[in-house]
Amino acid sequence: MSETWQRRVLYIAGAWNMIGGAGALADPRAHFAQFYTTALSLQDPLQAFFFRTTWINAIAWGLAYVMAGRFAGARVPVLVAGGGGKMAYCGACVILYATDVGNVWLLATGVADVFFAVLFAAILMRGDRFDR
């Protein structure tokens, strides 16, 4: 698990978040059609606000993963919080899938986030992570 490998994982995680967030913000209707069995009322200011801030937050976390890839000293707090968030997101996806609100594609994104959380844990368990 070299420094190069760790950086690549973090850059990929960053891209995953930023592309997902940008795609959801660019075309919310397509996003909902692809991942959910219900629709969001973007005419409701509160629903629109939460939808947009959720995906803006995902993009910001993507930037944090990229920064943690570039600056090893930032990894511990970013990966601990980010890994926890990815596990929580998976839990939310499982609940939505189990209640027939989310579809299999939503569940797949939750599983992918667990994969990233496991990779984050592997990076955190490296003893030399403070040397860079």
Side-chain angles (χ1 to χ4, degrees):
M1 193 178 329
S2 69
E3 175 66 16
T4 300
W5 179 88
Q6 292 178 47
R7 283 184 180 199
R8 287 181 183 156
V9 165
L10 292 168
Y11 293 157
I12 291 167
W16 169 261
N17 272 51
M18 289 186 282
I19 291 167
L25 289 172
D27 193 350
R29 293 190 200 313
H31 171 79
F32 265 80
Q34 184 175 7
F35 295 105
Y36 303 95
T37 61
T38 63
L40 183 70
S41 174
L42 292 176
Q43 289 72 35
D44 179 333
L46 187 59
Q47 289 186 40
F49 170 80
F50 280 105
F51 177 81
R52 289 182 184 117
T53 56
T54 295
W55 289 108
I56 291 167
N57 187 30
I59 292 168
W61 274 102
L63 291 171
Y65 299 143
V66 169
M67 296 296 288
R70 177 65 182 97
F71 303 104
R75 288 189 187 151
V76 172
V78 169
L79 297 184
V80 169
K86 288 193 172 296
M87 295 299 290
Y89 175 76
C90 181
C93 290
V94 168
I95 290 167
L96 289 173
Y97 179 75
T99 58
D100 293 325
V101 174
N103 64 27
V104 70
W105 291 110
L106 182 68
L107 185 61
T109 64
V111 170
D113 268 12
V114 168
F115 178 70
F116 281 116
V118 168
L119 291 173
F120 291 177
I123 292 169
L124 288 168
M125 289 196 277
R126 277 193 57 83
D128 66 346
R129 68 181 175 273
F130 299 107
D131 297 339
R132 310 244 187 291

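All residue numbers in this chain count up from 1 along the given sequence. These values consider heavy atoms only, across backbone and side chains, with no hydrogens, waters or symmetry-generated copies.
By the 4.5 Å heavy-atom criterion applied to side chains, Phe35 and Leu96 are not counted as neighbours. Side-chain atoms of Met87 and Val114, non-hydrogen and from C-beta on, do get closer than 4.5 Å to each other. For the pair Leu106/Val101, no side-chain contact is recorded, criterion being any heavy-atom separation below 4.5 Å from C-beta on. Here the side chains of Arg75 and Phe120 are not in contact, with every heavy-atom distance at 4.5 Å or above. Contact annotation: the side chain of Ile59 never approaches that of Asn17 to less than 4.5 Å [non-hydrogen atoms, C-beta and beyond].
Residues Cys93 and Thr109 share a closest heavy-atom pair of SG-OG1, 4.1 Å. Nearest approach of Arg7 to Gly69, heavy atoms of both residues: CG-O, 3.0 Å. Taking every heavy atom of both residues into account, His31 and Tyr36 meet most closely at NE2-CE1, 3.6 Å.
To the nearest 0.5 Å, the span separating CG on Leu25 from CZ on Phe51 amounts to 6.0 Å. For the atom pair Gln47 CD and Leu42 CG, the distance stands at 7.5 Å (nearest 0.5 Å). Atom CG of Asp44 is separated from atom CZ of Phe50 by 10.5 Å, given to the nearest 0.5 angstrom. How far CZ of Arg8 is from OG1 of Thr4: 6.0 Å, rounded to the nearest 0.5 Å. In this structure, OG1 on Thr99 lies 11.0 Å from OH on Tyr97, to the nearest 0.5 angstrom. Atom CH2 of Trp5 sits about 5.0 Å away from atom CG of Leu119, to the nearest 0.5 Å.
Under a hydrophobic-cluster definition in which Ile, Leu, Val, Met, Phe, Trp and Tyr are linked whenever side-chain heavy atoms come within less than 4.5 Å, directly or via other members, Ile56 and Leu63 are assigned to the same cluster. In the hydrophobic clustering of this structure, Tyr11 does not group with Val9; members are Ile, Leu, Val, Met, Phe, Trp, Tyr whose side-chain heavy atoms approach within less than 4.5 Å, directly or through other members. Follow the hydrophobic side-chain contacts under 4.5 Å out from Val66 and you never reach Ile19; the two are in separate clusters. Hydrophobic clustering of Ile, Leu, Val, Met, Phe, Trp and Tyr side chains at less than 4.5 Å, counting indirect connections, unites Trp61 with Trp16. Two different hydrophobic clusters hold Leu10 and Val118 under the rule that ILVMFWY side chains link at heavy-atom gaps under 4.5 Å.
For Tyr89 and Phe116, the gap between ring centers reaches or exceeds 6.0 Å.
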